[in-house]
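What follows is one structure encoded as structure tokens, with my remarks underneath.
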There are 2 protein chains.
Amino acid sequence: MKSSLTLEHQICFQLYTASKELTRLYRPILAPLNLTYSQYLVMLVLWEEEGIDLKQVGERLTLDSGTLSPLVKRLMQIGYVEKVRAQDDERRIVLTLTDSGRALREQAEDVPRQVSGMLKIDEATYVAYMEMLIDIKARLKAFGEQQG
Amino acid sequence: MKSSLTLEHQICFQLYTASKELTRLYRPILAPLNLTYSQYLVMLVLWEEEGIDLKQVGERLTLDSGTLSPLVKRLMQIGYVEKVRAQDDERRIVLTLTDSGRALREQAEDVPRQVSGMLKIDEATYVAYMEMLIDIKARLKAFGEQQG
DNA sequence: TATAATTAAGTTGTGCACAATATAATTGTT
DNA sequence: AACAATTATATTGTGCACAACTTAATTATA
């Protein structure tokens, strides 16, 4: 295993910069939708499953309430999202889309195609890369569960 | 190319969560060194090349002065780093290590081994993953340069 | 050689990301 | 039923990350 303390040889550094630079690529694409990258991720979840619990959104994105609460507040201010208390459990908050938020989906449909085009990546490579990233996450999860 | 607006099928999302979760793994490892993850990256650069320009640190980590200025200020407060104006060009700032910062390297030597152990990843897989990430960055860079 | 353009670093403001804590609702236990 | 433990959300504080702007030093050019 690479144990030399060189920046470029550390997988964490490559992951960190790759993520940052890919997010940078998204910024001008998402700007017309009036969304930041994190807000876009929340909208993706809601377009997939409207009426989902705030808690469950946080689980899918690995975000806690300290991040999500103010983020959702901003999505409400923009007018894409609404919060409703669940009747059966007053602690839970259910997120729904406004008409405006639902309409935004059509505009967003084109985002993945734009990004793929910019990356000039073929389907097979794309899938292989996805699998690698999912594997890294699985290893992290395995360690986390082993530890507790 | 995957054009469905599903969270899990977007490479950006996998990269984003993988990076976040790997950083989370580092947190308890770096805590005894009194470093955040970003501070650790700056220290890695300095251990590799002491006396480097602040500007060049920013280029290697893809960080601008808005991020680096306060971060380096914190490293100075901890007592790991010192700032010196370059004599030949008074605009430039040269970063040097204190004895304490230099001594910390020995403790940090063990970090990559600890991380690899936690991920339970063999050398070949590790190298393949590194190459994938470097390739993603190359594609991003190629697009960025094509655009300007 | 004035002065315009560029460069390096710093500052301000916004929005994550997360730890720690607080509050209120629900569930479990005696 | 009373009360302890748990759960969902919100708030506070710290530290990134970056855009936009400011300041000071250097370089280019008229």
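Because the structure is predicted, anything quoted here is derived from the model rather than measured. To find a chain, count down the sequence lines: A is the first, B the second, and so on, and within it residues start at 1.
- Dashed line: the shortest gap from a side-chain N or O of Y16(A) to OP1 or OP2 of dA17(D) is under 4.0 Å.
- At whole-Å resolution of the value, CZ in R91(B) and C1' in dT26(D) are 4 Å apart.
- In this structure, dA8(D) forms a base pair with dT23(C), meeting either the Watson-Crick or the G-U wobble geometry with both donor-acceptor distances under 3.5 Å.
- Across all strands shown, D89(B) has heavy atoms under 4.0 Å from sugar-phosphate atoms exclusively, and none from any base.
- Checked for salt-bridge contact, E50(A) and R105(A) miss the test: no charged N lies under 4.0 Å from a carboxylate O.
- Rounding to the nearest 0.5 Å gives a distance of 11.0 Å between CG of L7(A) and CD of E49(B).
- For the residue pair Q39(B) and L71(B), the shortest heavy atom distance occurs at CG-CD2, 3.7 Å.
- Heavy-atom minimum distance, C12(A) versus L22(B): CA-CD2, 3.5 Å.
- When the P atom of dG10(C) is taken as reference, atom NZ of K55(B) falls 13 Å away, rounded to whole Å.
- Side-chain proximity of S38(A) to dC16(D), dA17(C), dT9(D): nearest is dA17(C).
- Using a cut-off of 4.0 Å between Lys/Arg side-chain N and Asp/Glu carboxylate O, R139(A) and E21(B) are scored as not salt-bridged.
- In this structure, K73(A) atom NZ and dT11(D) atom P are separated by 5 Å, rounded to whole Å.
- The residue among Q56(B) and T62(A) whose nearest nucleotide of DNA chain C is located toward the 5' end is Q56(B).
- Rounded to an integer number of Å, the gap from L41(A) CG to dG15(C) C1' is 14 Å.
- The shortest distance between the side-chain N/O atoms of T36(B) and the OP1/OP2 oxygens of dT14(D) is not below 4.0 Å.
- The 5' end of DNA chain C is approached more closely, in terms of each residue's nearest nucleotide, by I93(B) than by the other of G66(A) and I93(B).
- Contacts between residues 19-27 of chain A and DNA chain C, defined by a heavy-atom separation under 4.0 Å, are absent.
- Toward the 5' end of DNA chain D, the nearer of the two residues T67(A) and R74(B), judged by each one's closest nucleotide, is T67(A).
- When the shell of 6.0 Å around NZ of K141(A) is examined, it contains 12 or fewer heavy atoms from other residues, nucleotides or ligands.
- Closest contact between the side chain of L63(B) and the listed nucleotides dC18(D), dG15(D), dT9(D) involves dC18(D).
- If you check dT9(D), dC16(C), dA19(D) against the side chain of D64(B), the one that comes closest is dA19(D).
- Listed for the D53(A) side chain is no donor-acceptor partner under 3.5 Å among the backbone atoms of Q56(A).
- Among the protein residues, S65(A) comes within range of the nucleic acid bases, having at least one heavy atom under 4.0 Å from a base atom.
- Comparing dT9(D), dA9(C), dT26(C) by their nearest atom to the side chain of R85(B) picks out dA9(C).
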